[in-house]
Q: 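Can you keep this structure in mind? I'll have questions shortly.
Naming convention: chains lettered A, B, ... in sequence-line order (proteins, then strands); numbering from 1 in each chain.
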There are 2 protein chains.
Amino acid sequence: MNIADQTFPAIEAANEDRAQAIRDQLRDAIVDRRLAPGTKLSEGEVGTLFDVSRTVARAALQMLSFEGLVRTERNRGAFVANPSPEEARQVFASRRLIEPGIAIAAAGRMTPAHVAAFKAQLDEEGRFIAERGPNARRSEIKASGDFHLLLASVAGNVILQRFMEELVARSSLVIALYGRSGISSCGHNEHTQILEALENGNAERASALMLHHIDHIEADLDLRVRSGPALRQALEF
Amino acid sequence: MNIADQTFPAIEAANEDRAQAIRDQLRDAIVDRRLAPGTKLSEGEVGTLFDVSRTVARAALQMLSFEGLVRTERNRGAFVANPSPEEARQVFASRRLIEPGIAIAAAGRMTPAHVAAFKAQLDEEGRFIAERGPNARRSEIKASGDFHLLLASVAGNVILQRFMEELVARSSLVIALYGRSGISSCGHNEHTQILEALENGNAERASALMLHHIDHIEADLDLRVRSGPALRQALEF
DNA sequence: TTCGCAAAGATCGTATGCAATCTTTTTCAT
DNA sequence: ATGAAAAAGATTGCATACGATCTTTGCGAA
């Protein structure tokens with residue numbers, strides 16, 4: 001799970017913002033758990049891996065720390081975030097507050113093109129659930145989150161969309177740490193139901209289903225403190 | 001309104017994160033309108049003003065751009081954000097979704113100490129409203145936002161608190177650009193009412209009052225596009 | 001061995017330098 | 001004058017360098 005063992009796709013070509021590209025790759029790696037919570041992300045290694053200077057690597061890590069996916073300690077560096085049970089609760093409390101509203105907004109803006117995009121998304125999700133192997137698991141995690149992000153994009157509020165991107169990514173970390181049953185594949189049926197409600201323009205139902213869905217995901221977590229949160233943190237694990 | 005004309009309090013001493021300190025100062029300057037939307041914030045000038053290298057200044061500006069208070073364009077630099085009417089609507093739509101929930105959460109966690117803090121906050125707000133002069137106006141703007149931030153801190157969810165910090169700051173920019181009646185001092189009474197509801201533990205009422213309060217603030221805006229949004233943006237003004 | 005402490009090594013925070021890009025000014029033909 | 005093109009200047013993007021801080025290693029005493 002060391003970052004040096006990771007392989008990152010494609011070369012960061014383009015004269016576009018390279019720090020942003022690196023951030024995206026690292027975020028994906030964190031979200032689908034190729035990088036475990038607590039993993040050290042040193043500026044030098046990141047820079048070497050992506051073939052940029054520390055300056056750019058540092059900027060990418062700073063971005064991730066704003067998103068809460070990375071924790072930085074002064075003079076010690078950056079680590080994949082290791083959310084405490086309390087943080088985990090706050091992530092889901094935030095989602096319970098925001099995401100039902102997003103569902104309502106999205107219900108009022110669904111077009112046939114959106115419906116098609118959702119169907120394709122759910123198909124993909126289903127395919128990965130059926131497959132075996134760790135790569136399929138990763139893709140499944142990613143796809144499950146992408147459903148929520150697609151919903152947020154349909155809602156048409158870029159601010160809320162960014163909030164949701166952060167919350168979905170952090171949720172993945174939380175589930176990785178505290179999830180009981182490996183994955184939230186239980187959610188697939190619920191996703192389907194939510195899409196149905198959206199398709200029918202039934203905003204209230206979509207909203208209620210979303211709330212339940214979030215509750216179910218959180219119910220699958222074991223947020224009891226195990227060895228005392230301080231120790232856990234202190235050991236970076 | 002040039003940044004070079006600004007004076008920033010205190011020296012950025014401490015071996016703590018200087019970029020963060022600079023970000024805070026710049027944010028305050030933007031929020032209470034010492035820096036107008038569209039103002040150029042060059043790395044060099046910021047660095048000189050705060051007596052740090054461009055590296056640190058750049059980091060501070062990057063942080064502000066994540067918060068949506070600053071817009072950065074590749075190879076062109078950073079500018080105080082100039083939110084479009086659409087962005088303005090999204091800011092308030094986000095607040096309508098989040099802040100009533102925050103009020104509910106806060107209502108369930110109010111302690112006597114919190115009540116005292118709110119009272120002090122409202123007192124200060126009232127004092128600035130009574131005063132004359134541009135400095136009082138600035139302080140009034142700041143205080144009005146601080147009420148909402150205090151509420152968010154009482155709610156006890158640091159994630160939502162950060163979201164609110166961003167939204168309140170961006171609201172100030174929006175009001176500066178699109179506000180009809182100079183300031184939202186109209187809100188003072190409403191703040192008082194909200195506190196009353198919180199004090200009585202009446203979560204539903206606090207939530208409803210907050211929703212109305214946000215609506216009132218937004219109703220004071222004139223979000224009609226004036227000279228075409230493209231032109232406005234193109235002229236950086 | 002085991003503990004503490006010092007030296008060596010690694011990593012971070014920040015300043016600075018250079019090329020690339022953008023902006024402004026100057027120049028010149030229409 | 002006016003407008004286009006070129007030159008000069010300013011600013012950014014990025015790499016690199018160096019001191020400061022942290023981490024690890026090595027060594028000697030209990």
Side-chain angles (χ1 to χ4, degrees), chain A residues 2-6 11-26 35 38-66 70-82 233-237, chain B residues 2-6 8 11-26 35 38-66 69-82 233-237:
Chain A
N2 191 303
I3 185 173
D5 306 332
Q6 300 291 325
I11 302 113
E12 310 290 338
N15 56 356
E16 282 175 36
D17 198 341
R18 290 188 283 172
Q20 206 157 312
I22 294 172
R23 176 201 62 180
D24 292 342
Q25 301 247 355
L26 286 178
L35 290 171
T39 305
K40 176 80 193 286
L41 301 173
S42 88
E43 297 173 359
E45 269 181 310
V46 173
T48 306
L49 266 164
F50 290 96
D51 199 41
V52 294
S53 75
R54 270 182 54 219
T55 307
V56 176
R58 186 183 174 85
L61 291 171
Q62 194 196 10
M63 295 192 220
L64 288 169
S65 97
F66 287 140
V70 153
R71 177 177 38 86
T72 62
E73 288 175 36
R74 182 169 180 89
N75 285 326
R76 284 197 9 99
F79 306 82
V80 178
N82 209 330
Q233 294 246 336
L235 298 177
E236 203 75 74
F237 222 76
Chain B
N2 191 303
I3 185 173
D5 305 333
Q6 300 291 326
F8 292 96
I11 303 112
E12 311 289 338
N15 57 355
E16 285 174 35
D17 197 342
R18 290 189 283 172
Q20 205 158 313
I22 293 172
R23 177 201 62 178
D24 292 343
Q25 301 246 357
L26 286 177
L35 290 171
T39 305
K40 176 80 194 284
L41 301 172
S42 87
E43 298 172 359
E45 269 182 311
V46 173
T48 307
L49 265 164
F50 290 97
D51 200 42
V52 296
S53 75
R54 274 182 49 219
T55 306
V56 177
R58 187 183 174 86
L61 291 171
Q62 195 196 9
M63 294 191 219
L64 288 169
S65 97
F66 286 140
L69 290 184
V70 154
R71 178 177 37 88
T72 62
E73 290 176 35
R74 182 169 180 90
N75 285 327
R76 284 196 11 97
F79 306 82
V80 177
N82 210 329
Q233 294 247 338
L235 296 178
E236 203 75 76
F237 222 77

Q: Give, for atom CE of B/M63 and atom CG of B/D17, the distance between the pair rounded to the nearest 0.5 Å.
A: 5.0 Å
Q: Rounded to whole angstrom units, what separation is found between the CZ atom of A/R76 and the P atom of C/dA10?
A: 18 Å
Q: Tell me the closest heavy-atom pair linking B/A59 and A/Q62, and the distance in Å.
A: O-NE2, 3.7 Å
Q: Check every atom of D/dC22, D/dA15, C/dT11 against the side chain of A/K40 and return the nucleotide holding the closest atom.
A: C/dT11
Q: Counting heavy atoms from C-beta on, name the nucleotide in D/dT16, C/dT14, D/dG13 closest to the side chain of A/R74.
A: C/dT14
Q: What is the distance, rounded to the nearest whole Å, between atom CD1 of A/I3 and atom P of C/dT11?
A: 12 Å
Q: Between the base of D/dG13 and the side chain of B/R54, is there a donor and acceptor pair under 3.5 angstrom?
A: yes
Q: Once you round to the nearest 0.5 Å, how far does CZ of A/R71 lie from CG of A/L41?
A: 10.5 Å
Q: Which sits closer to the 5' end of DNA chain D, A/S53 or B/G77, going by the nucleotide each is nearest to?
A: B/G77
Q: Can you tell me how far P of D/dT16 sits from CZ of A/R58, to the nearest Å?
A: 17 Å
Q: So which nucleotide from D/dT16, C/dC22, C/dC12 ends up closest to the side chain of B/N75?
A: C/dC22
Q: What integer distance in Å separates B/E45:CD from D/dG9:C1'?
A: 15 Å
Q: Nearest whole Å is fine: how far is D/dT12 P from B/R71 CZ?
A: 14 Å
Q: Side-chain donor or acceptor of B/S42 under 3.5 Å from a matching atom on the base of D/dT12?
A: no
Q: Could you walk me through whether B/L26 and B/V70 satisfy the side-chain contact (heavy atoms from CB on, under 4.5 Å) test, starting with their C-alpha distance in whole Å, then the side-chain angles of each, then the deciding distance to 0.1 Å, before giving a yes or no?
A: CA-CA 10 Å; B/L26 286 177; B/V70 154; over 6 Å; no
Q: What integer distance in Å separates B/R18:CZ from C/dC12:C1'?
A: 13 Å
Q: Taking all atoms of both residues into account, what is the closest heavy-atom pair of A/E45 and A/I3, and its distance?
A: OE1-CG2, 3.6 Å
Q: Identify, between B/G44 and B/T55, the residue whose nearest nucleotide on DNA chain D lies closer to the 5' end.
A: B/G44
Q: Rounded to whole angstroms, how far apart are CD on B/E43 and C1' on C/dC22?
A: 13 Å
